[in-house]
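Since the model is a prediction, treat every value here as computed from it, not as a measurement. We name chains A, B, ... by the order of the sequence lines, and we start the count at 1 in each one.
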Amino acid sequence: MTDKFRVRFAPSPTGELHVGNARTALFNWMFARHHKGTFILRIEDTDETRSALAYQVNLLSDLQWLGLDWDEGPHKGGAYGPYKQSERLAIYAEHLKKLEKANLVYPCYCTEEELEEERQALILSKRMPRYLGKCRDLTAKQRREKEAAGRKPSFRFKVPELIIEFTDLIRGTMKFDSAAIGDFIIVRSNGMPAYNFAVVIDDFLMDITHVIRGEDHLSNTALQIMLYQAFGFMPPVFAHHSLILGRDRAKLSKRHGSVSVGEFRSQGILPAALMNYLGLLGSSFTEAREILNREEMIADFSLERASKSGAVFSEEKLRWLNAVYIRQSSADDLLEMLHPFLKEAGIDTSLLNVDKLNPIIDLVKNDITTLAEIGSNINIFFDEKYSMSSEAKHVLEKEGALNVVKTFAAYLQETNAADSDLYPAGIKYVKEKTGAGGRDLFMPIRAALTGKVHGPELDKIFALIGKDATLKRIKAIL
RNA sequence: GGUCCCAUCGUCUAGUGGUUAGGACGCUGGCCUCUCACGCCGGAGACAGGAGUUCAACUCUCCUUGGGACUACCA
């Protein structure tokens, strides 16, 4: 095996970054960092109709948000560039020529309609749908005729007859019979390289040592190995990890709900929590715990611990992890991430100073699962956001409830106790004066103070709201 | 249909021939003298089935069953 470690994440910018791809990126990144190797980002944008610059921009920002920094790639450069396939077209053309010269490739003039017909016919006759090599033995004259008729050829690789064998780092020995594989297209009729062709060339030229990717590429590997052999290239080590599944155990897709990094980001999932969860999914760490920061994950990462079977994505567990991360975060760090969510909740953070906001966040962070929940939990601390829920109203309608609230207000107005004593002394006073205790004592005060029946400890709430606001709120009720 | 991959609680997993099959999420009972949450203590919950190999199989082999991926001029 190699003592050098160069791995890559090679997404195509044709949509939002899917958590499955993010996990592949994470595995590659952890592998590189663990082995003090190089993590390369390559953009596979050879599908002109599906690729969009906006997706690429999005992709890079999602990766950065997750903290998956690359050593070579867009915005970063490197000795093996360019790192966008659309900028490497000359390289692919040159390699096509090599194969042509070796007589390992031929032009195919079939139209997509013709190919589709052939495919359907094969399916109907219950045979394997694959290209049968119609254009493989065209004469020079026949080719000239097709060209003259205005047909642009694609180029197909002449699949040799052999058994392809390779060792997968996660799955062990893999064996494929090329008889089941039809001559496949390596360059499309529009001149763009096809996936299997471009990856092989790029992975070799970029000196990739380990290809870590999803199980969905397992059968592609056979085609790619044939190409490595045709070029006389030394293939890298392959490792195919399992896929992320939806509830129904089918490959996780949009119909299963939220699947993109961007969606979780806007729902208020912390990048560290998503990273941690993705690292845990379909894998495990040797540590007996499940909450690990990035350094711990890197230190403990091993492909040997990657599971071979697919893993169902559990949003429940992600949310649990997220809540843990929120609770563990400092108010300063949270505030940074909370900005867009506070804004959305209609709270103008620019008007508030950190000294006031931080203690509130420190209290509220214990009650939220995602950052997006901040609004409904923080409202009780702002007079202009204060509102009475129907449950709270109900509490105040109970026998004696209003009297408790009134007595509390009366105490606050008359006392000259120090601020820190206000709440405990007030409660004691109300208890003695009204005889109320437990639920009957605290719930009316909670309802009056916050307009809600749930929330953090009352003494802490009171300390943050203060005497004046409390009196104002009670007056509004009476 | 063909090729390939996979199989431990509902879910994610530990386990590498001898264990009361462990943990986490979720569910659930109790405790924390206001609620919700947190936390703590407890509970229910799994080796898909069948043959072998072996003194001994969750663990090794084979078959069955079940699930999945691929089968594009997408990656």
(message) My understanding is that only residues two or more places apart in sequence, or in another chain, count here; which of them pass side chain to side chain donor-acceptor pair (under 3.5 Å) with A:Gln142?
(response)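 Residues passing side chain to side chain donor-acceptor pair (under 3.5 Å) with A:Gln142: A:Thr139.
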(message) Need to verify one output field. Residue with the more 5' nearest nucleotide on RNA chain B, A:Met443 or A:Ser283?
(response)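 Nearest nucleotide further toward 5': that of A:Ser283.
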(request) Name the residue closer to the 5' end of RNA chain B, choosing between A:Ser284 and A:Gly438 according to the nucleotide with the nearest heavy atom. (result)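 So the residue in question is A:Ser284.
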(request) Establish, with yes or no, whether the OP1 or OP2 oxygen of B:A75 is under 4.0 angstrom from a side-chain nitrogen or oxygen of A:Arg188. (result)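 It does, given that an N or O in the side chain of A:Arg188 lies less than 4.0 Å from OP1 or OP2 of B:A75.
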Could you tell me whether [X] and [Y] make a salt bridge, using a distance below 4.0 angstrom between a side-chain N and a carboxylate O?
X: A:Arg171; Y: A:Glu304; result: no
X: A:Glu290; Y: A:Lys317; result: yes
X: A:Lys251; Y: A:Glu215; result: no
X: A:Arg255; Y: A:Asp248; result: yes

Say you pick atom [atom1] in [N] and the same atom in [M]; how far apart are they, in whole Å?
N: B:U64; M: B:C6; atom1: C1'; answer: 16 Å
N: B:U61; M: B:A7; atom1: P; answer: 11 Å
N: B:G10; M: B:A46; atom1: C1'; answer: 10 Å
N: B:U20; M: B:C58; atom1: P; answer: 13 Å
N: B:C9; M: B:A48; atom1: P; answer: 7 Å

Counting heavy atoms from C-beta on, name the nucleotide in [options] closest to the side chain of [X].
X: A:Ala311; options: B:A75, B:A24, B:C12; answer: B:C12
X: A:Ser314; options: B:A75, B:U11, B:U35; answer: B:U11
X: A:Phe176; options: B:C4, B:A75, B:C12; answer: B:C4
X: A:Phe442; options: B:A72, B:A69, B:C34; answer: B:C34
X: A:Leu243; options: B:A69, B:C73, B:C36; answer: B:A69
X: A:Leu115; options: B:A24, B:A75, B:C73; answer: B:C73
X: A:Val312; options: B:C12, B:A75, B:C25; answer: B:C12
X: A:Ser307; options: B:U13, B:C38, B:C74; answer: B:U13
X: A:Asp367; options: B:C36, B:G15, B:C34; answer: B:C36
X: A:Lys317; options: B:A69, B:C25, B:A75; answer: B:C25

(request) Mind calculating the distance between CG (A:Asp183) and C1' (B:U71) to the nearest angstrom? (result)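 Spelled out: CG on A:Asp183 to C1' on B:U71 is 15 Å.
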(message) If I take atom CG in residue A:Asp248 and atom P in nucleotide B:G66, what distance separates them, rounded to the nearest angstrom?
(response)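 In whole Å, B:G66 P lies 17 Å from A:Asp248 CG.
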(message) Quick check on the 6.0 Å ring-centre criterion: do A:His217 and A:Tyr195 meet it?
(response)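 So the answer is yes for these two rings.
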Is there a Watson-Crick or G-U wobble partner for [N] with both distances under 3.5 Å, and which nucleotide is it?
N: B:G42; value: B:U28
N: B:C62; value: B:G50
N: B:C9; value: none
N: B:A69; value: B:U3
N: B:C36; value: none

(message) Could you tell me if A:Gln267 and A:Ser258 have a donor-acceptor pair between their side chains, going purely by distance under 3.5 Å?
(response)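 Yes, side-chain donor-acceptor contact under 3.5 Å.
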(message) Can you confirm whether the side chains of A:Ser314 and A:Arg247 place a donor and an acceptor under 3.5 Å from each other?
(response)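 Looking only at side-chain atoms, A:Arg247 and A:Ser314 do not form any donor-acceptor pair under 3.5 Å.
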(message) How would you summarise protein contacts on nucleotides 5-10 of chain B per nucleotide, using B for base, S for sugar-phosphate only and - for none, with heavy-atom distances below 4.0 Å?
(response) BSS---
(message) I'd like to check the side chain to side chain contact (heavy atoms under 4.5 Å, CB included) partners of A:Leu292; sequence neighbours left out, ordered by chain and number.
(response)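 Expected list: A:Phe285, A:Glu287, A:Glu296, A:Met297.
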(request) Under 4.0 Å between any heavy atoms, over every strand shown, what does A:Lys251 touch: base, sugar-phosphate, or nothing? Just pick one. (result)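 Sugar-phosphate contact only - A:Lys251 comes under 4.0 Å of backbone atoms but never of a base.
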